[in-house]
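Computed from a predicted model, the values in this text were never measured in an experiment.
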Amino acid sequence: MNEIEIIKPDDWHVHFRDGEILKAVVPETSRDFSRAIVMPNLIPPVLNEKDAIEYKKRILKAVPYKDNFTPFMTLYLTEHTNKNDLKEAYLNQSVFAAKLYPAGATTNSSSGVKDIKRIMPILETMTEIGMPLLIHGEVTNKSIDIFDREKVFIDTVLDFICRKLPNLKITLEHITTKEAVLYIKQGNKSLAASITPHHLALNRNALFDGGIRPHNYCLPILKREKHREALIKVATSGNEKFFLGSDTAPHLIADKENSCGCAGVFNATYCLSVLTQIFENEKKLPYLEKFISINGSKHYNLKTNKLKIKLVKTSKPLTFQKKLNVNNQNIQIFNPDFPIFWKVS
Ligand code: NCD
Ligand code: ZN
């Protein structure tokens, strides 16, 4: 198979930032994807309908004329979020979902939620109106080992929410462990998960490969090989509860190569090339379309895209562009350590 045509994909988890970075990164997503869910963790965060409308306008301005791209906006949940405002923003279709960041879990999450019980009334409203809840699933307790934070979150927080509100539409985002795969598989019908290309491509050895590798540092952090294998198995299986959310998360190189480097992998540019290669290596190319173009839209009760894209296999490995320029600075583009032969035609 040297050419495949599939439904145009969607990316169900992106970070576009703002200002000059936004202008540089939006075209990297809008080129290959039809729709994307845009994270609200700006500084300050996207807290209300007005913030979301304004932010959406700035994103649309950065979409090149040739691209047909729709950003889906999200609100950042805090313990002060007003459930009636949230409901109104959703019913007006200004926002698509709400994002739960446990306070301090990741980049720009300091105003997140400390105690899940305080937002249960909001989650009840979301269940009533059918608004999806997107979750960064890690506990933030510093006494819990960083490699265990997702598993402990599932046991202590996610399971609590799923039992109380079995009909709430939930996406456990960027899952990284075999425990998460199992929980989602066995969980409520309304529960699904997204998976990133970098968690499919790398295990935690990639953080310390001959030296410290800040560009492979993201949250949730890369895990052991057995977890990567579990992610690969389920992502390439066609299981409808699992789909792409790239978590493309641009940071300037100076902020990554730093004594306290930021978490995040910028992977938008070659996202589809990397994923196609991974599926081919697993001999699972026939399931690629489900993972990147079908399962996510089903979970979100959306129609799949009408447009198609063609992926073409090259005779020589692709040479990746290393950096994306932003004014006089750069963002490092994700490049896994195996040869990649597929490109979007
Ligand atoms: C994201 C970011 O940079 O905003 N970083 C990351 O490592 N994934 C935040 C997030 O999604 O956790
Ligand atoms: Zn993210």
Side-chain angles (χ1 to χ4, degrees), residues 4 6 8-16 25 28-37 39 136 150 171-177 180-181 192-207 209 213 215-223 225 227-239 242-251 256 263-282 284-285 287-296 309 311 317-318 320-322 324 331-344:
I4 42 180
I6 58 167
K8 195 169 182 193
D10 305 299
D11 187 344
W12 299 115
H13 181 133
V14 304
H15 298 268
F16 282 156
V25 302
E28 301 300 292
T29 291
S30 67
R31 183 189 311 132
D32 293 340
F33 295 94
S34 181
R35 301 168 288 192
I37 296 183
M39 291 300 119
H136 184 111
E150 180 175 282
T171 310
L172 185 62
E173 301 206 280
H174 42 51
I175 60 165
T176 61
T177 56
V181 170
S194 64
I195 306 180
T196 79
H198 42 288
H199 290 101
L200 290 173
L202 306 177
N203 67 36
R204 67 187 195 175
N205 286 340
L207 290 165
D209 189 5
R213 300 286 178 171
H215 296 291
N216 292 335
Y217 174 57
C218 63
L219 289 170
I221 199 159
L222 296 172
K223 304 296 191 298
E225 178 62 5
H227 296 291
R228 189 189 73 87
E229 283 167 0
L231 297 177
I232 284 277
K233 194 166 169 211
V234 81
T236 63
S237 72
N239 187 318
F242 299 85
F243 49 83
L244 171 65
S246 74
D247 197 12
T248 180
H251 293 281
K256 295 281 296 170
V265 170
F266 174 67
N267 61 27
T269 310
Y270 300 107
C271 185
L272 295 183
S273 295
V274 170
L275 288 169
T276 309
Q277 190 63 53
I278 289 173
F279 275 67
E280 186 186 35
N281 293 351
E282 297 297 317
K284 291 290 171 90
L285 272 181
Y287 291 105
L288 178 68
E289 186 182 45
K290 286 201 142 194
F291 183 67
I292 64 181
S293 312
I294 297 176
N295 294 350
I309 59 155
L311 296 153
L318 301 182
F320 279 17
Q321 185 187 316
K322 287 197 166 49
L324 182 73
I331 293 165
Q332 180 108 354
I333 298 172
F334 177 60
N335 186 352
D337 57 356
F338 48 82
I340 291 176
F341 294 86
W342 290 90
K343 63 178 186 193
V344 184

Under the criterion side chain to side chain contact (heavy atoms under 4.5 Å, CB included), I'd like the reasoning laid out for Ile340 against Tyr270: C-alpha separation, chi angles, the key distance, then a yes or no. CA-CA 10 Å; Ile340 291 176; Tyr270 300 107; over 6 Å; no

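- For the pair Lys343/Leu311, no side-chain contact is recorded, criterion being any heavy-atom separation below 4.5 Å from C-beta on.
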Should Asp32 and Ile309 be marked as a side chain to side chain contact (heavy atoms under 4.5 Å, CB included) after you check the CA-CA gap, both sets of side-chain angles, and the distance that decides it? CA-CA 8 Å; Asp32 293 340; Ile309 59 155; over 6 Å; no

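- In this structure, His251 and Ala263 approach most closely via the heavy-atom pair NE2-O, 2.7 Å.
- Contact check for Leu272 versus Phe33: side-chain heavy atoms found under the 4.5 Å cut-off.
- One distance of note links OG of Ser293 with CG of Leu288; it measures 7.0 Å at 0.5 Å rounding.
- Between Asn216 and His198, the closest side-chain pair of non-hydrogen atoms is not below 4.5 Å.
- Between the side chain of Lys256 and the backbone N or O of Gly264, at least one donor-acceptor pair lies under 3.5 Å.
- With rounding to the nearest 0.5 angstrom, the NE2 atom of His199 is 8.0 Å from the CG atom of Leu231.
- Taking the side chain as every heavy atom from C-beta outward, Ile175 and Val181 approach each other to under 4.5 Å.
- Pairing each heavy atom of Gln277 with each of Phe341, the nearest pair is OE1-N, 2.9 Å.
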Please assess Phe16 against Thr29 for the test side chain to side chain contact (heavy atoms under 4.5 Å, CB included), listing each intermediate value before the final yes or no. CA-CA 9 Å; Phe16 282 156; Thr29 291; 3.6 Å; yes

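- Residues Trp12 and Leu244 are not in side-chain contact: their nearest non-hydrogen atoms beyond the backbone lie 4.5 Å or more apart.
- Annotation: Phe320, atom CZ; neighbour count of heavy atoms from other residues, nucleotides and ligands within 6.0 Å is above 12.
- Nearest heavy atom pair, residue His136 against residue Leu219, reads CE1-O, 3.9 Å.
- Without hydrogens or angle criteria, Ser34 side chain to Pro9 main chain gives no donor-acceptor distance under 3.5 Å.
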Run the side chain to side chain donor-acceptor pair (under 3.5 Å) check on Lys223 and Thr176 step by step: do they pass? CA-CA 7 Å; Lys223 304 296 191 298; Thr176 61; 2.9 Å; yes

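- Taking Glu229 as the reference, Glu225 meet the side chain to side chain contact (heavy atoms under 4.5 Å, CB included) condition, with sequence neighbours excluded.
- Checked against side chain to side chain contact (heavy atoms under 4.5 Å, CB included), Asp209 has the following partners two or more places apart in sequence or in another chain: Arg213.
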For Leu285 and Glu280: C-alpha separation, side-chain torsions, deciding distance, then whether side chain to side chain contact (heavy atoms under 4.5 Å, CB included) applies. CA-CA 5 Å; Leu285 272 181; Glu280 186 186 35; 3.9 Å; yes

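- Counting heavy atoms of neighbouring residues, nucleotides and ligands inside a 6.0 Å radius, atom NZ of Lys8 exceeds 12 of them.
- Side-chain contact between Cys218 and Asp247 is absent, with no heavy atoms from C-beta onward closer than 4.5 Å.
- Distance alone, capped at 3.5 Å, is enough to place a donor-acceptor pair between the Thr248 side chain and the Asn267 backbone.
- In this structure a side-chain-to-backbone donor-acceptor pair under 3.5 Å is missing from Asp11 to Ala36.
- A distance of 6.0 Å separates CD of Glu28 from CD1 of Ile333, quoted to the nearest 0.5 Å.
- Rounded to the nearest 0.5 angstrom, Phe338 CZ and Ile278 CD1 are separated by 4.0 Å.
- Inter-residue side-chain proximity for Phe279 and Ile4 is flagged as unmet; no heavy-atom pair is nearer than 4.5 Å.
- For the pair Ile37 and Thr171, the minimum side-chain heavy-atom distance is 4.5 Å or more.
- When all heavy atoms of His15 and Pro250 are compared, the closest pair comes out as O-CD, 3.3 Å.
- When all heavy atoms are compared, the tightest approach of Ala206 to Leu222 is CB-CD1, 4.2 Å.
- Closest approach of Ala192 and Phe243 over heavy atoms only: CB-CE2, 3.7 Å.
- In summary, the side chains of Thr236 and Glu282 do not present any donor paired with an acceptor at a separation below 3.5 Å, with no hydrogens or angles considered.
- Not counting sequence neighbours, the partners of Gln332 by the side chain to side chain contact (heavy atoms under 4.5 Å, CB included) test are His215, Ile253, Lys323.
- Note that CD of Glu173 is 11.5 Å distant from OG1 of Thr196, once rounded to the nearest 0.5 Å.
- Taking SG of Cys271 as the reference point, atom CD1 of Ile292 lies at 8.0 Å (rounded to 0.5 Å).
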